[in-house]
Amino acid sequence: MSALVSPRFLRALLPPLSLTVLLLAIFYLQPRTMSYFGLNLLLNLAVPIALATIAQMFILCVNEIDLSIGGFVSLAACITATWLHDTPLLGIAALLGLVAAYAGMGALIHVRQLPSIVVTLGMSFVWLGLAVLILPTPGGKAPDYLRTLMTLKPPFVPFPIIASVVLALVVHFALMRSAFGTVLRGAGGNPRSLERAGWSLLKLKTTMFAASGLFGVLSGMALVGLTTSADANLALRYTLLSIAGVILGGGEFVGGRVSPIGAVIGAVTLALAGSFLSFLRLNPDWQIGAQGAILIIVLALRVLIGRVEAKR
Amino acid sequence: MTAAGRLLRQPWLWAWVGAVAVWAATAAFTGGMGSGQVLSAALTFGAFFVIVALGQMFVVTLGPGNVDLSIPASMTLAGTVAMKTMGGAALMIPVGLALALLVGLVVGVINYSLIRLLRIPPIIATLSSSFIFQSAAIWWNRGLRVKPPAALADFTTAKIAGVPIIAIFVVLLAIAGHVVLTRTIFGRSVLAIGQNMRAAHLAGIAVERVRAATYIMCAVLAGLCGFLLAAFSGGAALNMGEEYLLNSIAVVVIGGTSVAGGFANVPGLWGAALFLFLLVTMLNTFGAGAGIRMVLTGLIIIGVIVAASGSRRET
């Protein structure tokens with residue numbers, strides 16, 4: 001019995017619990033969402049947000065922060081809607097180049113010991129500028145296969161749910177259960193001991209940034225598959241959403257303590273929060289503010305649980 | 001050490017060299033046409049950068065992880081509230097100014113309370129609170145653009161012998177900031193905390209009180225900047241603070257303040273602010289489009305930071 005109410009268990013339960021409460025509230029407010037199509041509509045945009053959140057999680061895992069992911073996802077979306085659609089080979093090369101650029105950014109931050117917050121803020125200008133150069137006005141067209149994939153209608157379970165579960169499990173096993181994943185997390189948890197054990201921190205950090213770039217690119221592609229066209233400002237709010245998603249999902253800012261499953265749940269929660277607020281008929285002026293408030297409330301809950309834990 | 005040698009070691013020197021070089025390049029391109037106006041505009045816009053950067057500098061100096069991301073939202077909120085309350089009446093200017101500063105004060109208190117009570121890194125605390133401030137500004141403003149009182153607008157655009165009054169005012173503010181940083185117990189405490197928080201605490205510095213004061217001061221300066229910027233640009237716009245997020249940090253870092261905390265300087269703020277504005281002007285003059293301008297601004301900021309603050313990791 002005591003295991004059931006232990007603070008550690010409570011903390012692990014916080015993300016799925018908040019998601020359940022939110023989902024029940026939405027069902028109560030708008031019963032029609034409780035159907036295949038309702039859920040599909042509600043959760044559609046959660047997939048690119050979840051991918052961006054996983055990208056951010058890799059960065060937070062190695063004690064850095066990425067303020068450029070929104071611009072990066074926008075750029076990936078612009079490339080997907082233009083080059084990848086018109087000249088697939090050039091598109092693939094450009095997207096791979098983006099992943100390499102992310103890895104390079106990680107290497108630069110590590111080698112020169114730069115503050116990631118400043119470097120990524122600067123890079124957000126670069127990504128946005130490139131996106132504007134590629135697609136000066138909203139437009140472009142999603143490649144057909146992406147469109148088909150993102151609008152799949154599998155029987156019984158809506159596609160966004162399957163995609164989120166698969167994403168969470170794949171990253172969970174790669175990062176939390178594999179030997180190399182443990183080493184990667186160690187780069188955030190105890191870099192010094194890893195270095196003494198003969199691992200190259202530079203390689204580990206570069207790998208994490210490359211993984212983050214890969215998921216950022218996937219997020220942009222998924223987004224274009226949903227919206228069918230792109231624009232340079234398409235995903236700018238993803239920067240904040242992704243950080244909030246990782247935190248909601250139980251991730252810590254330092255020490256390599258992250259949870260892929262939690263991050264995906266956090267991202268889905270945030271995606272639902274927007275719908276919930278509009279079902280509440282809340283003044284749209286307060287939409288962004290409510291997201292900030294949700295973040296603060298969850299952090300406050302975590303402090304409370306931490307207090308209980310400390311008392312024992 | 002010779003005087004020249006000492007000058008070369010000043011951390012703020014490179015920002016000024018950059019500013020002069022960029023200005024000279026622009027002047028050379030246009031054949032000296034309009035360089036006077038460019039300089040005057042740079043002084044005005046640079047002044048706005050310096051006001052927020054002054055607060056951000058104190059915050060950054062507190063040590064790694066300390067940064068205020070709510071500056072754009074606080075500027076917008078303060079500007080909106082002040083403009084709407086004044087409603088264009090000159091008599092209300094003192095009330096508007098007081099309100100803008102009060103908004104800053106409240107924002108600062110909220111920010112610090114979140115950092116302290118929730119024990120979350122300042123980045124996340126100021127980020128989440130900025131959502132709420134931004135929403136409050138949208139709600140307060142209702143998309144209306146209230147014109148500032150004419151007397152206030154005149155003050156922000158007035159010039160004495162070609163030098164904008166607001167620039168003179170901000171130079172005085174910067175001098176005050178310099179004195180606070182280098183000559184007062186508060187300034188020395190901020191530096192000490194940035195160098196070693198534990199040692200500062202053991203030396204008897206009231207660490208948390210100094211941190212609280214720093215975050216509040218930063219938010220009050222953001223409020224002041226929002227007030228002046230709204231008056232300057234003919235009313236508060238919801239996106240008026242946008243470019244101040246990156247720029248407030250960039251000005252501090254390019255100005256030679258250590259991002260790791262513990263070392264700060266005020267003269268560099270002015271140099272870096274002028275450099276950043278003149279850089280954009282130069283790219284405009286060269287006929288670069290919005291995309292190229294953004295890419296180059298980002299790359300140059302990173303380049304300067306790599307050149308100035310990075311020390312090679314020893315392995």
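Chain naming here is simple, since letters A, B, ... match the order of the sequence lines and numbering starts at 1 in each. In this text the structure is predicted, and so the values were computed from the model without any measurement.
In the displayed structure, B:Glu208 atom CD is contacted under 6.0 Å by more than 12 heavy atoms of other residues, nucleotides or ligands.
For chain B, the nearby part of A:Ile65 is the side chain; its heavy atoms alone come within less than 4.5 Å. Heavy atoms of B:Leu299 lying under 4.5 Å from chain A belong to its backbone as well as its side chain. Contacts between A:Ile243 and chain B at a heavy-atom distance below 4.5 Å involve the side chain alone, from C-beta outward. Of the atoms belonging to B:Leu114, it is side-chain heavy atoms, and not backbone ones, that fall under 4.5 Å from chain A. Proximity to chain A involves both the backbone and the side chain of B:Ala136, based on heavy atoms less than 4.5 angstrom apart. Contacts of B:Ile249 with chain A are made by side-chain atoms alone, with heavy-atom separations under 4.5 Å and no backbone atom involved. Looking at B:Ile300, there are no atoms closer than 4.5 Å to chain A (heavy atoms on both sides), in backbone or side chain. Looking at A:Ile117, the atoms closer than 4.5 Å to chain B (heavy atoms on both sides) all sit in the side chain, from C-beta outward. With a 4.5 angstrom heavy-atom cutoff, A:Ile296 touches chain B via backbone and side-chain atoms both. Of the two parts of A:Val126, the backbone and the side chain both hold a non-hydrogen atom closer than 4.5 Å to a non-hydrogen atom of chain B. Looking at B:Leu296, neither its backbone nor its side chain comes within 4.5 Å of chain A, counting heavy atoms on both sides.
The residue from A:Leu295, A:Leu240, A:Ile247 that alone fulfils the side-chain contact (heavy atoms from CB on, under 4.5 Å) condition with B:Leu127 is A:Leu240. The ring-ring contact (aromatic ring centres under 6.0 Å, His included) test with A:Trp286 singles out one residue from B:Phe131, B:Phe133, B:Trp140, B:Trp139, and that residue is B:Trp139.
In this structure, CZ in B:Arg119 is found 12.0 Å from CG in A:Leu299, a value given to the nearest 0.5 Å.
Considering only heavy-atom pairs separated by less than 4.5 Å from chain A, the leading option among B:Leu118, B:Leu246, B:Leu117, B:Ile301 is B:Leu246. When the candidates A:Gly122, A:Ala300, A:Ala290, A:Ala232 are compared by the number of heavy-atom contacts under 4.5 Å with chain B, A:Gly122 comes out ahead. The candidate with the highest count of non-hydrogen atom pairs below 4.5 Å against chain A, out of B:Ile292, B:Val67, B:Ile124, B:Thr297, is B:Ile124. Ranked by heavy-atom pairs under 4.5 Å with chain B, the list A:Gly292, A:Pro136, A:Ala293 is led by A:Gly292.
Looking at B:Ile302 and A:Leu108, their side chains come closer than 4.5 Å, going by heavy atoms from C-beta outward. Side-chain contact between B:Leu245 and A:Leu67 is absent, with no heavy atoms from C-beta onward closer than 4.5 Å.
Considering all non-hydrogen atoms of both residues, A:Gly289 and B:Ser135 come closest at N-OG, 2.6 Å. A pairwise comparison of heavy atoms in B:Val306 and A:Arg112 identifies O-NH2, 2.9 Å as the closest pair. Residue B:Val259 comes nearest to A:Pro115 through the heavy atom pair CG1-CG, 3.3 Å, listed as atom of the first residue, atom of the second, then distance.
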